[in-house]
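Both backbone and side-chain heavy atoms feed into the values below; hydrogens, waters and symmetry mates do not. A quick note: this is a predicted structure, and the numbers were derived from the prediction, not measured.
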Amino acid sequence: MENNNLKIKADSLAIFREVRSDKAMKALLDLIESPSIDLYSQFISLLYPETDNISEYVKKIVLSDDNFYVKNVAAGREMSDDIKAAVTRELNILEEIASISSDEMQQAIADACFDGQLPITLPAWKCQHITLADDFNKKIADIPVTGYGMYARYNFFRISDGKITPVTSPDFQRLDQLFEYERERNLIIKNTEALVSGKGASNMLLYGDMGTGKSSTIKAVAAHYADQGLRIIEIKKEQLFQIPEILEELSSNPLKFILFIDDLSFTGNDDNFSALKATLEGSVAGCGDNVAIFATSNRRHLVKESMSDRTGEEIHVNDTIQETMSLAARFGLTITFMRPEKDNYLSIVRSLADEYGILYYDDEDPAAVPAEGAITLRALNTKAEAFAIRHNGRSPRTARQFIELLKIGI
């Protein structure tokens with residue numbers, strides 16, 4: 001191994017310059033420049049917690065490097081032939097670094113410090129042949145679906161301190177864990193598929209009774225289509241004024257995004273009302289083809305009103321009423337979630353009982369053979385109805401709470 005030559009090549013990295021800032025990579029380059037047992041051990045101490053394979057490690061940090069080339073190609077900008085040639089050259093250099101074996105490096109240390117013979121046994125690492133150029137080109141080709149940076153590693157996001165930040169442990173249910181409301185769910189899925197396919201989706205308002213699964217459905221749909229390039233960003237009501245900046249940031253991103261606003265409602269003089277209204281329709285910073293707003297609310301018209309709002313001293317009171325009602329009308333698609341009727345509620349209860357492994361049998365069916373520990377269907381229904389009466393009425397949320405308590409014997 002020609003240490004000086006390889007170190008010079010590493011120094012020439014420009015597009016992948018940030019790769020050199022990785023702690024383990026920096027330690028490796030220091031070792032290549034000045035072979036010693038101390039620097040060798042320092043590199044091992046940084047490599048081993050991640051992997052014992054240097055080739056896989058270098059591949060990982062190269063493919064996670066979101067340099068200007070990656071961002072510009074993702075945004076659809078054409079790169080010059082000189083830049084493309086530089087990318088290929090640098091990937092070949094990094095591939096050469098990734099193929100350094102521990103035997104080669106140990107021999108370099110022995111030659112530099114110990115007259116060709118190491119006095120002790122040093123830990124080893126694995127290496128293998130990799131084709132970084134092929135792997136990198138595949139990454140570039142897959143970006144419209146996989147994304148890059150934090151969008152490649154996470155699917156759920158929120159706004160924190162004015163910035164989009166990932167949710168590392170999102171709370172969501174799968175689509176197959178949601179029961180009833182097939183018509184409503186199918187409308188949401190169809191609208192989301194239009195967004196994912198690039199056709200452009202309607203901004204969507206899910207209105208209805210609490211606990212009926214509005215938020216759960218949006219999160220479940222977002223998770224279901226994540227592997228097709230869909231991401232979801234939750235925005236609190238007090239953060240709505242930041243939407244134009246968020247849209248600007250997402251405009252060149254090849255992925256598709258749901259801006260999720262949960263439990264949306266306003267008071268009569270709320271500045272956030274105007275911010276959202278302008279975004280939905282009329283603002284120069286409207287949603288692009290890769291972004292749609294999905295909101296939930298327990299209020300049909302979103303704005304809290306009192307009788308005095310309509311009987312006050314304002315001369316043109318009808319104009320004010322129309323203004324407050326106009327926000328909901330600016331959502332292209334409104335889907336209503338109402339409390340389930342008794343039969344639908346009990347159907348949800350039975351489906352959840354099956355999901356949670358709660359055994360029950362139909363005591364009115366003479367052919368039914370009860371399993372050990374099973375309860376009767378009549379008892380399950382009676383307890384579920386009683387639980388709903390004590391807990392805000394029938395809803396999917398109430399049904400799940402009932403089954404979860406039943407599962408643990410409460």
Side chain to side chain donor-acceptor pair (under 3.5 Å) with R390: which residues, sequence neighbours excluded? none
Going by side chain to side chain donor-acceptor pair (under 3.5 Å), name the pairs with one or both residues in residues 188-201, residues two or more places apart or in two chains. E193-Y225
Which heavy atom in L6 sits nearest to a heavy atom in I32, and how many Å separate them? CD2-CD1, 4.0 Å
Those residues that, when tested against D22, pass side chain to side chain contact (heavy atoms under 4.5 Å, CB included) (two or more places apart): A24, M25, Y57, I61
Charged N to carboxylate O under 4.0 angstrom, K138 versus D134? no
Provide the full list of salt bridge (Lys or Arg N to Asp or Glu O under 4.0 Å) pairs with a residue in residues 52-64, sequence neighbours left out, each pair given once. E50-K60, D52-K126, K59-D135
Distance-only donor-acceptor hits, side chain of residues 251-262, under 3.5 Å, sequence neighbours excluded:
unit_1: S251; atom_1: OG; unit_2: E248; atom_2: O; d: 2.8
unit_1: N253; atom_1: OD1; unit_2: L255; atom_2: N; d: 3.0
unit_1: D262; atom_1: OD1; unit_2: S215; atom_2: OG; d: 2.4
unit_1: D262; atom_1: OD1; unit_2: T296; atom_2: OG1; d: 2.5
unit_1: D262; atom_1: OD2; unit_2: S215; atom_2: OG; d: 3.2

For F136 and F16, take the angle between the two ring planes, folded into 0 to 90°, and tell me which bin it lands in: parallel under 30, tilted 30 to 60, perpendicular over 60. perpendicular
Work out which heavy atom in K9 is nearest to a heavy atom in S12; give both atom names and the distance. O-OG, 2.6 Å
Residues 390-410 vs ring pair (Phe, Tyr, Trp, His ring centres under 6.0 Å), sequence neighbours excluded, gives F387-H391, F387-F402
Using distance only, find each side-chain donor-acceptor pair of residues 147-169 under 3.5 Å and give its atom names and separation, not counting sequence neighbours.
unit_1: R153; atom_1: NH1; unit_2: G149; atom_2: O; d: 3.4
unit_1: T165; atom_1: OG1; unit_2: R158; atom_2: O; d: 3.3

Taken in chain and number order and not counting sequence neighbours, the residues that satisfy side chain to side chain donor-acceptor pair (under 3.5 Å) with D111 are Q107
Heavy-atom closest contact (A353 atom, L380 atom, distance): CB-CD2, 4.4 Å
List the residues meeting side chain to side chain contact (heavy atoms under 4.5 Å, CB included) with D11, not counting sequence neighbours, and say none if there are none. K7, R20
Minimum heavy-atom distance R231-V145, with the two atoms named: NH2-O, 3.8 Å
Once side chain to side chain contact (heavy atoms under 4.5 Å, CB included) is applied, do any residues pair with T376, and if so which ones, sequence neighbours excluded? Y361, D363, R378, A379
Under a 4.0 Å threshold between the charged nitrogen and the carboxylate oxygen, would E385 count as salt-bridged to R394? yes
Atom NZ of K342: over 12 foreign heavy atoms under 6.0 Å: no
Answer yes if the ring centres of Y207 and F337 are under 6.0 angstrom apart, and no otherwise. no
Restricting to side chain to side chain contact (heavy atoms under 4.5 Å, CB included), what partner residues turn up for A220, sequence neighbours left out? L175, L178
Under 3.5 Å, is there a donor-acceptor pair linking the side chains of Q128 and N53? yes
Is D209 salt-bridged to R397, going by a charged N under 4.0 Å from an acidic O? no
Give a yes or no on whether a salt bridge exists between E78 and K84, defined as a side-chain N under 4.0 angstrom from a carboxylate O. yes
Set of side chain to side chain donor-acceptor pair (under 3.5 Å) partners for D38, sequence neighbours left out: none
